[in-house]
Amino acid sequence: QVQVLESGGGLVQAGGSLRLSCAASGGIFSINSMGWYRQAPGKQRELVATIDSGGSAVYLNSVKDRFTISRVNADNTVYLEMNSLKPEDTAVYYCRVDAKGLGYLSASRYWGQGTQVTVSS
């Protein structure tokens with residue numbers, strides 16, 4: 001069973017930086033897309049950034065010039081470097097991995113448990 005584990009959240013002042021990490025493990029044959037989503041209180045979960053196996057990335061417009069997503073395929077890990085953080089970036093951040101498990105014909109989507117990011121003004 002594929003497991004997804006995030007780390008790196010916390011409390012930071014506006015203008016500061018944080019780096020989120022996410023590692024997938026457990027019987028993985030291959031990983032397609034990996035991504036980060038966030039959900040603020042009272043709001044729907046939204047896509048922050050995704051990256052495919054070739055390294056092509058897509059970003060939410062509001063983070064495009066401040067956040068950078070990257071991955072290390074050999075380690076099944078994905079990172080989100082967040083700079084110039086704003087209070088509106090406060091949310092629970094979730095890692096999403098589209099992976100094909102060993103012995104499976106198709107990929108499935110797996111989610112981490114979420115990590116809290118709080119940006120104070």
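Worth saying up front: this structure is predicted, and the values here are computed from it rather than measured.
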Item to check | side chain to side chain contact (heavy atoms under 4.5 Å, CB included) partner of Ile51, chosen from Val58, Val78, Thr68, Leu80 | outcome: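 Testing each of Val58, Val78, Thr68, Leu80 against Ile51, the sole residue satisfying side chain to side chain contact (heavy atoms under 4.5 Å, CB included) is Val78.
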Item to check | Any Val4 side-chain heavy atom under 4.5 Å of Gln113 side chain | outcome: no
Checklist entry - Can you find a heavy atom in the side chain of Tyr79 that is under 4.5 Å from one in the side chain of Cys22? => result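 Tyr79 vs Cys22: side chains apart.
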Checklist entry - With ILVMFWY side chains joined below 4.5 Å, transitively, what does Phe29's cluster contain besides itself? => result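 Result for Phe29 is Leu102.
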In Å and rounded to the nearest 0.5 Å, what is the [atom1] to [atom2] distance from [X] to [Y]?
X	Y	atom1	atom2	result
Trp111	Arg45	CH2	CZ	5.0 Å
Gln39	Glu46	CD	CD	9.5 Å
Ser25	Asp75	OG	CG	12.0 Å
Lys86	Ser62	NZ	OG	7.5 Å
Tyr59	Leu47	OH	CG	11.0 Å
Gln3	Ile28	CD	CD1	9.5 Å

Next on the checklist: Checking Arg71 against Ser53: is there a side-chain donor and acceptor pair closer than 3.5 Å?
Outcome noted: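 No - no donor-acceptor pair under 3.5 Å links their side chains.
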Checklist entry - Is there a donor in the side chain of Asn83 and an acceptor in the side chain of Ser17, or the other way round, less than 3.5 Å apart? => result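 Result is yes, a qualifying pair exists.
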Checklist outcome for this item: Sequence neighbours excluded, the answer for ring pair (Phe, Tyr, Trp, His ring centres under 6.0 Å) partners of Tyr94 is none
Using the rule that two of Ile, Leu, Val, Met, Phe, Trp, Tyr join whenever any of their side-chain heavy atoms come within less than 4.5 Å, decide whether [X] and [Y] are in one cluster.
X	Y	result
Leu60	Met34	yes
Val97	Val92	no
Met82	Tyr37	no

Could you pull out the closest heavy-atom pair between [X] and [Y], with the gap in Å?
X	Y	answer
Ser84	Arg66	O-NH1, 3.0 Å
Gly9	Val117	CA-CG2, 4.2 Å
Thr77	Ala23	CG2-CB, 3.9 Å
Ala99	Ile31	CB-CG1, 3.9 Å
Ala14	Ser121	CB-CA, 4.4 Å
Ile69	Ala57	CG2-CB, 3.6 Å

Checklist entry - Under the 3.5 angstrom rule, does the side chain of Glu6 hit a backbone N or O of Gly114 as a donor-acceptor pair? => result yes
Checklist entry - Any donor and acceptor pair, going by atom type alone, linking the side chain of Thr90 with main-chain N or O of Val119 inside 3.5 Å? => result yes
Next on the checklist: Within the supplied structure, the quantity of interest is the number of heavy atoms (other residues, nucleotides, ligands) at a distance under 6.0 Å from Glu81 CD; does it exceed 12?
Outcome noted: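 Yes, enclosed.
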